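One structure is given here, and the rest of the page talks about it.
Note that these values count all heavy atoms, side chains included, but never hydrogens, waters or copies made by symmetry. Keep in mind the model is a prediction, meaning the values are calculated, not measured.
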Amino acid sequence: MSTVLDTYFMQYSTTSTTSEEFYSQLREVRRIAGEINEMFLENGVDAEIFAYCVFYIYYEQYLTIWEDALFSLGMSLVAIFLVTLLITGLDITSTLIVLFMVICILINMGGMMWAWSINLNAISLVNLVVCVGIGVEFVAHIVRSFKRAEGTAQERARHSLNVTGSSVLSGITLTKFAGIVVLGFSNSQIFQVFYFRMYLGIVLIGAAHGLILLPVLLSLLGPLNKLARTSSAEPIAPASSSPSSSSR
């Protein structure tokens with residue numbers, strides 16, 4: 001008497017055309033398979049079934065994409081917080097400012113994805129993690145320059161833009177922008193949507209936060225563990241020469 005080790009049977013469903021329909025179908029068939037396995041377990045049947053389709057490998061990511069996104073972005077933000085805290089010499093205020101600005105860039109990237117109808121999937125999630133890392137470049141240099149400058153808050157913000165802002169604009173913004181524009185002429189939909197649009201948003205949103213919003217916030221927050229510049233224009237009292245008594 002032979003033993004059946006494994007077998008399969010076909011299941012049919014309505015035709016799926018969108019990603020939402022595919023991963024909804026995958027979630028439903030897994031639910032049904034789970035209920036059947038529970039029934040087997042209750043009746044002492046030593047068997048297990050699972051659903052398989054050649055398309056499921058591409059749409060399985062959507063079942064846990066939000067959990068994966070929150071975990072990956074959360075770990076990236078924690079890493080940025082720890083590294084920035086060490087680099088700034090345990091300056092918690094500067095670290096929190098950098099972290100806050102990076103979170104603002106990330107939130108605005110999410111809004112841009114919604115406005116441009118870019119779905120959250122494995123590719124866009126990788127781009128968001130890259131956005132967190134690139135966002136530090138637009139912010140950290142300005143904060144460090146502001147921290148090392150002297151004078152009032154407005155003077156230090158102006159100094160950080162004059163000294164570091166030009167480097168951020170030319171060395172980070174324009175160089176990345178020049179490389180991204182080429183992707184806009186690609187015939188591939190993946191390159192146009194997930195690389196051209198998203199990387200263009202990363203550069204423009206990061207530059208706007210680092211060169212416009214951040215200096216304004218720093219000028220309002222005031223000194224960060226740095227004393228104001230002491231005035232060097234103190235009047236110098238002329239030395240009074242006492243009349244010398246001439247001896248005759």
_To the nearest 0.5 Å, what is the distance between CG on Asn108 and CG on Leu204?_
12.0 Å
*Taking all heavy atoms of Gly201 and all of Met109, pick out the closest pair and write down the distance.*
C-SD, 3.6 Å
_Criterion side-chain hydrogen bond (donor to acceptor under 3.5 Å, both in side chains) on Ser145 and Ser160, from CA distance to verdict_ = CA-CA 5 Å; Ser145 179; Ser160 63; 5.0 Å; no
*Do Ile107 and Val130 sit in the same hydrophobic cluster, where Ile, Leu, Val, Met, Phe, Trp and Tyr count as joined when their side-chain heavy atoms come under 4.5 Å apart?*
yes
*In Å and rounded to the nearest 0.5 Å, what is the CE to CZ distance from Met113 to Arg197?*
12.0 Å
*Tell me, with the steps shown, if Ile134 and Lys176 meet side-chain contact (heavy atoms from CB on, under 4.5 Å).*
CA-CA 10 Å; Ile134 296 179; Lys176 287 182 172 61; 4.0 Å; yes
*Relative to the ring of Phe22, is the ring of Tyr59 parallel (under 30°), tilted (30 to 60°) or perpendicular (over 60°)?*
parallel
*Taking everything shown except Ile190 itself, do over 12 heavy atoms lie less than 6.0 Å from its CD1?*
no
*Worked verdict on Val139 versus Ile105 for side-chain contact (heavy atoms from CB on, under 4.5 Å)*: CA-CA 10 Å; Val139 177; Ile105 294 174; 4.2 Å; yes
*Approximate separation, where rounding is to 0.5 Å, of His141 NE2 and Thr164 OG1*: 8.5 Å
_From Phe55 atom CZ to Gln25 atom CD, the distance as rounded to the nearest 0.5 Å_ = 10.0 Å
*Is Leu213 reachable from Phe146 through a run of I, L, V, M, F, W or Y residues, each pair having side-chain heavy atoms under 4.5 Å apart?*
yes
*Okay, side chain of Asp91, backbone of Thr93: is any donor-acceptor separation there less than 3.5 Å?*
yes
*Any Phe81 side-chain heavy atom under 4.5 Å of Leu77 side chain*: no
*Co-membership, hydrophobic cluster, residues Phe185 and Val203, 4.5 Å side-chain*: yes
*Relative to each other, are the rings of Tyr195 and Tyr199 parallel, tilted or perpendicular (30° and 60° limits)?*
parallel
*Would you say the side-chain atoms of Asn43 pair up with the backbone N or O of Val45, donor to acceptor, closer than 3.5 Å?*
no
*Does CG belonging to Leu70 count more than 12 external heavy atoms closer than 6.0 Å?*
yes
*CD1 on Ile49 to CZ on Phe40, rounded to 0.5 Å*: 5.5 Å
*Show the numbers, then the answer: is there a side-chain contact (heavy atoms from CB on, under 4.5 Å) between His209 and Ile205?*
CA-CA 6 Å; His209 282 72; Ile205 293 174; 3.5 Å; yes
*Which atom names give the shortest non-hydrogen contact between Pro215 and Leu161, and what distance separates them?*
CG-CD2, 3.7 Å
*Would you check if the side chain of Glu155 reaches a backbone N or O of Thr152 as a donor-acceptor pair within less than 3.5 Å?*
yes
*Does the side chain of Tyr23 reach to within under 4.5 Å of the side chain of Leu63, using non-hydrogen atoms?*
yes
_Just so I know, are the side chains of Asn121 and Gln61 near enough to count as touching, which here means a heavy-atom distance under 4.5 Å?_
yes
*Any chance the side chains of Asp68 and Ser72 put a donor and an acceptor closer than 3.5 Å?*
no
*Say whether Val182 and Ile202 are linked into one hydrophobic cluster, either directly or through other cluster members, by side-chain heavy-atom distances under 4.5 angstrom.*
no
*Where the side chain of Gln192 meets the backbone of Ser186, is there a donor-acceptor pair that is under 3.5 Å apart?*
yes
*Of the non-hydrogen atoms in Phe196 and Ile180, which two are nearest, and what is the gap between them?*
CD1-O, 3.3 Å
*salt bridge (charged side-chain N to carboxylate O under 4.0 Å, His left out) between Arg27 and Glu60: does it pass, once the steps are laid out?*
CA-CA 9 Å; Arg27 183 185 294 112; Glu60 189 175 8; over 6 Å; no
_For Arg31 versus Glu35, what's the shortest heavy-atom pair and its separation?_
NH1-OE2, 2.6 Å
_Arg156 side chain to Gly151 backbone, donor-acceptor under 3.5 Å_ = no
*Hey, are the side chains of Met112 and Ile118 touching, using non-hydrogen atoms and a 4.5 Å cut-off?*
yes
*Identify the two heavy atoms, one from Ser76 and one from Val132, that lie closest to each other, and give their separation to 0.1 Å.*
CB-CG1, 4.0 Å
_What I'd like to find out is whether the side chain of Asn37 reaches to under 4.5 Å of the side chain of Leu41, using heavy atoms alone._
no
*Among Thr84, Val143, Ile142, Leu217, which one satisfies side chain to side chain contact (heavy atoms under 4.5 Å, CB included) with Ile97?*
Val143
*Work out which heavy atom in Ala69 is nearest to a heavy atom in Leu120; give both atom names and the distance.*
CB-CD2, 4.2 Å
*Measure the CG-CG distance between Leu99 and Leu82 for me, rounded to the nearest 0.5 Å.*
10.0 Å
*asked:* With side-chain contact (heavy atoms from CB on, under 4.5 Å) as the criterion, how do Met198 and Ile123 come out once you've worked through the C-alpha distance, each side chain's angles and the decisive distance to 0.1 Å?
replied: CA-CA 10 Å; Met198 291 201 68; Ile123 300 177; over 6 Å; no
*Would a hydrophobic clustering, with Ile, Leu, Val, Met, Phe, Trp and Tyr connected at side-chain separations under 4.5 Å, put Leu96 with Ile103?*
yes
_Any side-chain to backbone donor/acceptor pair from Ser219 onto Val216? Under 3.5 Å, distance only._
yes
*asked:* With heavy-atom distances below 4.5 Å as the criterion, would you say the side chains of Leu200 and Phe177 are in contact?
replied: yes
_Whether the side chain of Thr95 engages the backbone of Thr88 through a donor-acceptor N/O pair (distance < 3.5 Å, no angle test) should be reported._
no
_Does atom CH2 (Trp66) have a neighbourhood of more than 12 heavy atoms from anything else shown, all under 6.0 Å?_
no
*May I ask you to check whether Ser124 and Asn127 show a side-chain donor-acceptor distance below 3.5 Å?*
no
